[in-house]
Protein chains: 2
Amino acid sequence: MDQALQAHSQSHKAAQTSAEVSAPAFDLIELFFFAYRDFVGDADRLLEDIGFGRAHHRVLHFVNRQPGLMIAELLDILGITKQSLNRVLKELLDTGYVEARAGVTDRRQRLLFPTPKGHRLAMDLSDLQSRRFERALGELPTDARGPAIDFLLAMIDPAERDRVCSLVWGKSREEKS
Amino acid sequence: MDQALQAHSQSHKAAQTSAEVSAPAFDLIELFFFAYRDFVGDADRLLEDIGFGRAHHRVLHFVNRQPGLMIAELLDILGITKQSLNRVLKELLDTGYVEARAGVTDRRQRLLFPTPKGHRLAMDLSDLQSRRFERALGELPTDARGPAIDFLLAMIDPAERDRVCSLVWGKSREEKS
DNA sequence: CTTTTACGTCAGCCATATTGACATATTTCA
DNA sequence: TGAAATATGTCAATATGGCTGACGTAAAAG
């Protein structure tokens, strides 16, 4: 069967599109796929006991990371529509993991905060995922934390990087006003 | 649900005191999230023109990588049910990206092969994703390809690694080049 | 006072996954 | 040979997480 594929690959060389380059990095592609799958799998297992999914996790994570987040900012970070957010956010509000307070200067805004319960869940999920990173980095010969950060950052669209960087390392929402 | 939460909360405290969990690696968590999102976004944009989604991509990718794959093997790799696979696979067969032949020794088996058209699409998608890796690795000071592979592999569940390694390199991890 | 902004909501659609039950062909084994 | 195990297909119902479009409302900004 490998012969069949090779023969066919040769015969169509002329018809290959402009996208064709050197040998594809199948190993990196597949390792990234499986690594991410296991990474989110940790959180999935913790969440399914409470009846939440990944959508809830993402919302809770960013609300916990940036307490006082506005709806519009959250939509921008997640890249989803307000209708999509609404069902998930409503469940988080109803079950008391997140709470919303009207903005001080602008009372149209609903600023989102984690409740103590929501904060604990968010930290448990983050700890779980951090432990995977710690284990992984600990398996590597030298300290690979810096290189890992550099690699992951380099994988992000250059145009997106500033936004991501300020989200990851930037100021908290309290100083924003 | 309250019980689950309470137990969960206590286990968190225990973990904090005994395992001395340091501050969660929010940066790695979020960078991994955004990196993976951009990574799959490349393929998503190419696929949506033909009306395919990520599910089609995953099936086509592994069929292209391992021509002659059996249905059961594919289900095992993807970790989904046959009912989920069926619709997607049917569309790939109907549109002529994948073809199925009965097994030689066991005619119950349906061995899956990429058609020339399917092979080209799979390679276009892989090339697109490879270019992101090449760009990313090229931005880093020293050659980071080996370290990147090691890091991604370390992120995968230890119990899963041998399976992933033989899938990626067709051999065990020790003999990986 | 009008417009814009920030948000909520209803209604319907699509894609991807799930489980359970049942059908069919084929191979294997007692 | 006849029974059981295997590989796969299929029908039906359900969940989740997204989408678009349209419409409503309260508050801020001009």
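Order of the sequence lines sets the chain letters (A, B, ...), proteins ahead of strands, with each chain counted from 1.
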Between atom [atom1] in [X] and atom [atom2] in [N], what is the gap in whole Å?
X	N	atom1	atom2	result
B/Asn86	C/dA15	CG	C1'	16 Å
A/Leu78	D/dT16	CG	P	19 Å
A/Leu75	C/dT9	CG	P	14 Å

Counting only heavy atoms not in A/Asp162 (residues, nucleotides, ligands), do more than 12 fall under 6.0 Å from its CG? no
Could you check which of [options] has an atom nearest any side-chain atom of [X]?
X	options	answer
A/Arg107	D/dA28, D/dC19, C/dT9	D/dA28
B/Ser84	C/dA17, C/dC7, D/dC19	C/dA17
B/Gln109	C/dT16, D/dT8, C/dT27	D/dT8
B/Thr81	D/dT8, C/dT18, C/dT16	C/dT18
B/Ala55	C/dA17, C/dT19, D/dG17	C/dA17
B/His56	C/dT9, C/dT18, C/dT16	C/dT16

Classify the ring geometry between B/His56 and B/Phe52 as parallel (under 30°), tilted (30 to 60°) or perpendicular (over 60°). parallel
Residue mapping more 5' on DNA chain C - nearest nucleotide basis, A/Ala72 or B/Phe52: A/Ala72
Below 4.0 angstrom from OP1 or OP2 of C/dT16, is there any side-chain N or O of B/Arg87?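 Checking C/dT16 against B/Arg87, a side-chain N or O does come within under 4.0 Å of OP1 or OP2.
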Go nucleotide by nucleotide along DNA chain D from the 5' end; which of A/Val104 and A/Gly79 gets its closest nucleotide reached first? A/Gly79
A/Glu91 or B/Leu111: which one's nearest nucleotide on DNA chain D is closer to the 5' end? B/Leu111
B/Glu134 and B/Arg131 ion-paired at < 4.0 Å: no
Quick one: the side chain of A/Arg108 and the base of C/dT5, do they pair up donor-acceptor inside 3.5 Å?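 Checked by distance alone, the answer is yes.
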Take A/Asp143 and A/Leu137 through the side chain to side chain contact (heavy atoms under 4.5 Å, CB included) test and state the conclusion after the steps. CA-CA 7 Å; A/Asp143 180 26; A/Leu137 296 174; 5.6 Å; no
